[in-house]
Amino acid sequence: MSLVSEGANFRGPLGTAGLAEPSLATVGDYIALMKPRVMSLVVFTALVGLAVAPGHLHPVTGFTALLCIAVGAGAAGALNMWYDADIDAVMTRTARRPVPMGRVLPGEALAFGLTLAGFSVVTLGLLVNWLAAGLLAFTIFFYVAVYTVWLKRSSAQNIVIGGAAGAVPPMIGWAAATGSLTLEPIVLFLIIFFWTPPHFWALALYRTEDYARAGIPMLPVVAGDISTRRQILLYTAILVPLGIAPWLLGYAGALYGITALAAGAIMMALGCQVLREQRPAERACRNLFAFSILYLFLLFAVLLVDRGWGGLIARLAT
Amino acid sequence: MTIGIAMNERHDDDGIVLTEAQKRARRSRSIAIALALAVLVILFYVMTLVKGPGVLMRPI
């Protein structure tokens with residue numbers, strides 16, 4: 001909290017503002033607390049992990065696993081919004097979230113997040129398996145305690161290390177389907193892990209002032225523009241071969257291989273453009289940010305079609 | 001503080017009196033909680049059927 005010194009007129013993490021009006025929070029506000037857009041990406045990558053996993057899984061069990069993962073991701077989002085309400089209030093992109101807007105009190109967001117976290121982990125453990133539940137609990141803990149509370153306000157490597165939380169869902173899906181972990185879900189984890197820095201740093205490059213005002217030590221704020229652009233290209237250079245790895249390791253077919261090669265080439269080209277671009281120009285950063293979303297979606301969607309879809313249909317049929 | 005004082009005064013008279021908007025918001029939240037609990041009950045029921053008799057055979 002110490003980094004945020006000015007601009008944030010806020011009650012504090014537990015919402016100790018004294019008596020407040022009875023809540024006007026709607027169901028929509030609580031849904032917004034769960035970060036539905038992030039949740040949809042989490043569910044999608046978990047679905048791919050679940051679908052490409054070998055063996056038989058009852059569709060109801062698969063649905064239950066995805067529901068628990070979605071709720072767990074929502075819990076992490078709510079706890080993040082509870083703790084980060086002070087910095088959300090001073091950032092343009094986040095100022096209209098329910099807690100900084102005062103529609104949901106911080107204490108209510110905390111209670112909501114903790115309740116969802118507890119229910120999602122215990123339900124996944126009881127109804128699916130405890131390995132998947134343990135991974136979900138670890139993910140929520142990592143996102144909230146390690147990323148939100150510790151790294152986000154103290155380290156320029158915040159989204160690199162913290163990105164691990166967003167990369168675990170395919171492993172949870174795989175663990176839900178098989179009760180174990182192998183190299184394949186770890187490769188999927190690594191793809192998302194190395195995708196996160198170029199994605200978020202591209203955004204941070206054209207939102208640098210926003211992050212600086214909120215006191216968040218994002219790489220462009222701390223290390224500067226040029227250093228960040230070099231780091232983006234470095235991480236993209238690691239990401240692209242990892243994106244092709246499922247094909248090279250024989251986990252996916254030619255369709256996936258061609259897609260990963262083509263999309264990887266575009267990512268590299270955009271990464272080079274970002275390196276060449278000079279401030280205040282930001283077009284290359286915006287292009288990389290937008291395409292990185294499509295890149296991850298394409299890779300996982302094609303993997304689902306190429307590898308998992310047949311298996312998923314067979315499972316539903318049996 | 002103004003809000004706090006105003007509410008204390010209302011406490012003395014009729015307790016907390018909710019506005020129509022607050023009542024509507026509370027009702028929608030209550031319905032959402034009820035639905036979530038119903039989904040949880042149905043989920044446990046269906047999953048018990050899916051797992052079959054094996055659900056009772058757990059190591060003590």
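All values below were derived from every heavy atom in this structure, side-chain atoms included, with hydrogens, water molecules and symmetry-related copies excluded. Chain identifiers are assigned alphabetically (A, B, ...) following the order of the sequence lines, protein sequences preceding nucleic acid strands; residue numbering begins at 1 within each chain.
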| message | Looking at A:Ala25, is its backbone amide N or carbonyl O close enough to the side chain of B:Arg29 to form a donor-acceptor pair, meaning the two atoms are under 3.5 Å apart? | response | yes
| task | Considering non-hydrogen atoms only, spot the tightest contact between A:Ser23 and B:Ala25 and give its length. | result | O-CB, 4.3 Å
| field | Contact summary for A:Thr64 and B:Met47, nearest pair of heavy atoms | value | OG1-SD, 3.6 Å
| request: Count the heavy-atom pairs under 4.5 Å between each of A:Val128, A:Val71, A:Val60, A:Leu67 and chain B, then report the option with the highest count. | output: A:Val60
| message | Return the CD1 to OH distance between B:Ile33 and A:Tyr30, rounded to the nearest 0.5 Å. | response | 8.0 Å
| query | Heavy-atom count around A:Phe63 CZ within 6.0 Å, excluding the residue itself: above 12? | reply | no
| said: Using heavy-atom distances under 4.5 Å, tell me whether B:Leu40 contacts chain A through its side chain, its backbone, both, or neither. | reply: side chain
| query | Where is the tightest heavy-atom contact between B:Lys51 and A:Leu126, given as atom of each residue plus distance? | reply | CE-O, 4.1 Å
| task | Hey, could you give me the CZ/CG distance between B:Arg24 and A:Leu24, rounded to the nearest 0.5 Å? | result | 9.0 Å
| note | Between A:Thr26 and B:Ser28 the two heavy atoms that sit nearest each other are CA-OG, 4.5 Å
